[in-house]
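Just so you know, ligand 1 is whichever comes first in the structure, and atom 1 is the first atom listed for that ligand.
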Amino acid sequence: MTDPSGRVRIRSVVAALAVAVLAGGGAVAVGKVPALAAETTLRAAAAKAGLFFGVAASPGRLSSIVNQEFGQLTPENDMKPDSIATSSGGLRNTGNADTLVNYAQTNNMLVRGHTLVWHSQAGQLQGTSQATLNTFIGNAITRWGSRIAYWDVVNEALDDNNNGRRRTQWPHSLSRDANGDGDYVDAGDTDVIRDSFRRAKEVVQQNGLTTKLCINDYDVEGLTVSGGARNNKAQALYDIVRAYTQGTERLIDCVGFQAHFNDNPNSIISDDLQANIQRFADLGVEVHITELDIDDDLSNNDIGQGQANNYRKVVRACLNVARCTGITVWGIADSESWRSSERGLLFTGGSGNYQKKAAYSAVLDELNKGRSGVNPSSPPVSPSASASVSPSVSVSPSTPTDPSGCSASVSLNSWTGGFVATVRVTAGSSAINGWRITAGLPAGAAVTNHWNAERSGTSGTVQFANVGYNGRIAAGQFTEFGFQSSGAGAGTTLTCTAT
Ligand code: XIL
């Protein structure tokens, strides 16, 4: 999927940048790096950067643009239970889904199955038991097997209005919080999310499939919502993914951010999108932007450069996180979108005759810059886009400490006015059972969010300590935690103490 020579060169640029940052240097001699030829399709540019770029489709929309521009396909409606499920969890009417899977296979495209367990478009499954859902999960997964790279096992589990709760209607009414403590992970609890993933994982393992299992939702894209309040829906999703990836069961392989961006205060493109992608990635799951469209309201009805810059921000945020492995737009042309009045996609026209919008060129350009964002063959990001997301990556060396204790290193993803730090804690020659990191932050930096650690302090000297599930590290192994901060991160110092 990638061009190995391109990736090596991009890495060498990152290394050069890191050295310059560590040395306190200003200009980086990137001009000496040979230029990469720009790709001319979204599909090829994304593949070179090491991710897929896909589209939602239906059999009536399989014009030549689909396999030219896109390397991945999600059935927009044809794999939903109301299309293919019987009331007892069997399959019916799979012709359209088969057409899409066959088309993808012929054209060497990945498929995302969408979707198994969902309160909406449930058709004959509406109101059925977990046992029936499990039957359907087994039938759907085995029908297409490894021809489906990713399945959305559970879609839209969380409630609206930033209340941080799960939905209460079916199928979530199947879940039971036996002791009423607000979670669904205790003995005696049942959880439709966990139980659906368990069944899906079992089917994947029994059949030796490569299919990865995803949870998908909307309004979960940023750490914050409009006005800067915490995004409680994103936090709730994070808590679910953490519970079902960090314990004894690894049930969830991937997280989908639908990314239907619009002027609802919970649906905006926030500057901390990348930080949020990063914290999910730090749990070891792949992150995907699964249903991208960007309302023209977010660019004052400008579907030229204004909307293009919004697309740039989203694509760049994904590219800057190594485990963000795919972006899918929810349709080809504005006129054919489920939200056509928002004019939120990459093409105008329709019925197989499409014209590229400014947003298309912006996405292609951003993909062509690759993951490091410093490919000198591409024109610089326009000032308005770089003001919010300017890709810079730096990595510090490990702090030398007692080899029998632990050491720490940090990698920074920075933008104007903020950064995300991913801290790696590595055990020395003996296993450790707990750790504490004393971080010295540069003047002007103040932590706004953190994950996979306890924290005390906000600026200056800030302490981080392990949480329950990541304190024990085997000899020579590592774990990672992260934090988001305002200000600039270069010069951050770290000391690791085994506890
Ligand atoms: C939408 C389709 O685009 C429409 O054609 C259909 O009428 C309704 O569903 N979240 C999802 C998608 O997970 O399945 C939805 O797709 C859009 C919102």
Polar contact flag for Trp330 and ligand 1 (N/O pairs, less than 3.5 Å):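 Right, the criterion is met.
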| field | Close N or O approach (Asn216, ligand 1; < 3.5 Å) | value |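 No, no N or O pair falls under 3.5 Å.
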Relative to each other, are the rings of Phe257 and Phe280 parallel, tilted or perpendicular (30° and 60° limits)?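 Correct class here is perpendicular.
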Geometric class of the Phe52/Tyr150 ring pair [parallel <30°, tilted 30-60°, perpendicular >60°]: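 Tilted.
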Check: Does one side chain, of Glu69 or Tyr354, offer a donor that lies under 3.5 Å from an acceptor on the other?
Finding: no
From the list Arg279, Gln274, Gln278, side-chain hydrogen bond (donor to acceptor under 3.5 Å, both in side chains) partner of Asn276 resolves to Arg279
* Asked: Which is it for Asp263 and Ile268 under the side-chain contact (heavy atoms from CB on, under 4.5 Å) test, yes or no, and what are the steps along the way?
  -> CA-CA 6 Å; Asp263 56 356; Ile268 56 157; 6.0 Å; no
Among protein heavy atoms, which lies nearest [atom], and at what distance?
atom	value
atom 1 (C) of ligand 1	Lys80 NZ, 3.6 Å
atom 11 (C) of ligand 1	Glu291 OE1, 3.0 Å
atom 6 (C) of ligand 1	Asn77 OD1, 3.4 Å
atom 8 (C) of ligand 1	Gln121 OE1, 3.4 Å
atom 2 (C) of ligand 1	Glu76 OE2, 3.4 Å

With atoms numbered from 1 as shown, which atoms in ligand 1 lie under 4.0 angstrom from a non-hydrogen atom of [X]?
X	value
Trp118	14 (O)
Glu156	10 (N), 11 (C), 13 (O), 18 (C)
His260	17 (C), 18 (C)
His114	11 (C), 12 (C), 13 (O), 14 (O)
Gln258	10 (N), 11 (C), 13 (O), 18 (C)

Inset, instruction - Measure from the ring center of His260 to the ring center of Trp338 and say whether it is less than 6.0 Å. - result: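 Judged by ring-centre distance (under 6.0 Å), His260 and Trp338 do meet the cut-off.
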Going through the distances and angles, do Asp334 and Arg339 end up as a side-chain contact (heavy atoms from CB on, under 4.5 Å)?
CA-CA 8 Å; Asp334 290 347; Arg339 288 179 168 171; over 6 Å; no
So for Asn155 against ligand 1, with non-hydrogen atoms under 4.0 Å, the contacting part is side chain
Is it true that the NZ or CZ of Lys233 lies under 6.0 Å from the centre of Tyr218's six-membered ring and within 45 degrees of the ring axis?
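Flagged: Lys233 positioned over aromatic ring of Tyr218.
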